[in-house]
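Dropping the structure in here first, questions after.
In this text the structure is predicted, and so the values were computed from the model without any measurement. Keep in mind that the numbers below use all heavy atoms, side chains included, and drop hydrogens, waters and symmetry copies. Each chain gets a letter, A, B and so on, in the order its sequence line appears, and its residues count up from 1.
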Protein chains: 2
Amino acid sequence: MHIVSGEMTVGEGVYEALRHDIIFGQLSPSDKLKLDNLKSAYNASVATIREALNRLVTEGFVVTEGQRGFFVAPISGPELREIADLRILLECHALRLSFEAGDTEWEAEIIAAHHKLSRMEQRMQSGDHSEKETWKRYDWGFHQALISACGSRELLTLHGTIFDKYLRYQMRTLTFRGEAAAAEHRALLNYAMERDIENAQAVLRVHIEGGVEHSLAQENL
Amino acid sequence: MHIVSGEMTVGEGVYEALRHDIIFGQLSPSDKLKLDNLKSAYNASVATIREALNRLVTEGFVVTEGQRGFFVAPISGPELREIADLRILLECHALRLSFEAGDTEWEAEIIAAHHKLSRMEQRMQSGDHSEKETWKRYDWGFHQALISACGSRELLTLHGTIFDKYLRYQMRTLTFRGEAAAAEHRALLNYAMERDIENAQAVLRVHIEGGVEHSLAQENL
DNA sequence: ATTCTTGATATAATCGATTTTTAATAATAG
DNA sequence: CTATTATTAAAAATCGATTATATCAAGAAT
């Protein structure tokens, strides 16, 4: 999950916008990314568009095959499972490191993040799905806060990319998984406060796998 | 570790060459990557160079900051430890999946890869350091073969990138760690044949951490 | 002597044009 | 009618020029 800050070059702005639009579904899996269309849509020249697309290629959101242009990366059920597996692996590891190092500031941070998320979840549960993107930002905020004390910038960066790949699948469903998901978030918060890593990891695994099954039940990938 | 195959666009060729030169040290950490110099050195126009550099930015081999151009990513002792930690995490996980799924073909593959590597290690041990790059390619070949049956393309791709980041540090030392490293490779091969994942993971951890300490002993990062 | 301001130079970022390649369509042969 | 080849149009990749920004050096002010 990228948070935009400060002044950006045109190229960076195009990169962030394209990335956002792929993750949140405005650009669909396997869509051909025609340079002339993108030029108009993102208000930059073709060469600048290509720079942004090249960044997205190594990140895995765009695929290219010499001379045939760029395509939004495809999606599939098996890939979702692989990404979820990686997310579990990285996030469980980061949780352990974070629980070991986390201090009072970190506790306050995750309480605040959870508060925002649970407010959003209440709204989703009451039937208001109008701010789906905000909901997912708070979801990210909570998970990121949980692992923020892990002490490894490389791990956090990598986790962020994997999280976004997982999020792309999540954004395809129109529904909230319900009280089960909210309960899992609450459990994660409580185990964090208690520094109970074994139970936290177990809940996280259930949580992510629940999201996978929910996605796969909604569409045939 | 990227293996070059088939026809490439100029842009792809520049990307591979730059990537190679960063990993193998021809372009030093924190070097300013001046576009006019690269234009001559890599025989492509500035815009094409920029495309390749953008790919390397999201991959972490190059850093950029708004109007100031591109730099080879810096190195540091803490970062090496983080990368090693990630390599251990990913490779141990992939080993487990591979041991569960590996068949006779996979066994033959790792035996062949180990043979090549041990031949190279014999040469290093006899004092011949002339083919350091080949040695590292065989090292990669062996580790990659060990995890090749893990069944996750995402995991293999990710592991490959992390391996290359780790390799960049390894290439800075001029020396072979010695019989200890060779023995660890042999142990990995034997545990793979026996599908002994616990011992294999333990040896792998020792192996990678040995490489980290060897690197840190050689230079003050 | 130090700091700030201004202008010149170097360089990065972006642009649009040109070249190269691919894809689509039409013509021809079997 | 189908398959192959040739032609044309569309699009991708690369190029070099232009615009925008950073850096550096010199002069002025304190």
| task | Tell me which nucleotide among D/dG16, C/dT14, D/dA13 gets nearest to the side chain of A/Arg50. | result | D/dA13
| query | Rounded to whole angstrom units, what separation is found between the CE atom of A/Met8 and the C1' atom of D/dA20? | reply |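 One finds 17 Å between C1' of D/dA20 and CE of A/Met8, rounded.
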| field | Under 4.0 angstrom between A/Thr9 side-chain N/O and C/dT14 OP1 or OP2 | value | yes
| query | Ion pair present between A/Glu59 and A/Arg55, side-chain N to carboxylate O less than 4.0 angstrom? | reply | no
| field | B/Asn43 CG - D/dT14 C1' separation (whole Å) | value | 12 Å
| message | Nearest whole Å is fine: how far is C/dT21 P from B/Glu12 CD? | response | 13 Å
| task | State yes or no: are the ring centers of B/His114 and B/His143 separated by less than 6.0 Å? | result | no
| Rounded interatomic separation in angstrom, taking CZ from B/Phe70 and P from C/dA12 |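 So the CZ-P distance, B/Phe70 to C/dA12, works out to 9 Å.
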| query | To the side chain of B/Thr48, which of D/dT14, D/dT21, C/dT22 is closest? | reply |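 Per side-chain heavy atoms of B/Thr48, the pick is D/dT14.
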| Between atom CD in A/Gln67 and atom P in D/dA12, what is the gap in whole Å? |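 Going from CD in A/Gln67 over to P in D/dA12 covers 11 Å.
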| request: Measure the distance from CZ on B/Phe71 to C1' on C/dT11 and round it to the nearest whole Å. | output: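 Going from CZ in B/Phe71 over to C1' in C/dT11 covers 11 Å.
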| Quick one: is B/Lys34 getting a side-chain N or O under 4.0 Å of the C/dA12 phosphate, OP1 or OP2? |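 It does not, given that no N or O in the side chain of B/Lys34 lies less than 4.0 Å from OP1 or OP2 of C/dA12.
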| remark: DNA chain C nearest-nucleotide lookup for B/Thr64 and A/Val46: closer to the 5′ end is B/Thr64
| message | For the aromatic rings, using the six-membered ring if either is Trp, is the centroid distance between A/His159 and A/His93 under 6.0 Å? | response |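 No, ring centres 6.0 Å or more apart.
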| message | Set out, in order, the CA-CA distance, both residues' side-chain angles and the distance that settles salt bridge (Lys or Arg N to Asp or Glu O under 4.0 Å) for B/Arg205 and B/Glu209, then state yes or no. | response | CA-CA 6 Å; B/Arg205 176 175 290 275; B/Glu209 285 171 353; 3.3 Å; yes
| message | From NZ of A/Lys39 over to P of C/dA17, roughly how many Å is that when rounded to an integer? | response | 8 Å
| query | Which one, C/dG16, D/dG16, D/dA12, comes nearest to the side chain of A/Ala47? | reply | C/dG16
| field | A/Glu51 CD - D/dT14 P separation (whole Å) | value | 13 Å
| message | Any donor-acceptor pair under 3.5 Å linking the side-chain atoms of A/Tyr15 with those of A/Glu51? | response | no
| Counting side-chain heavy atoms from CB outward, which of D/dG16, D/dA22, C/dA13 is closest to B/Arg68? | D/dA22
| Short side-chain N/O contact to C/dT11 OP1/OP2 from B/Lys32, under 4.0 Å | no
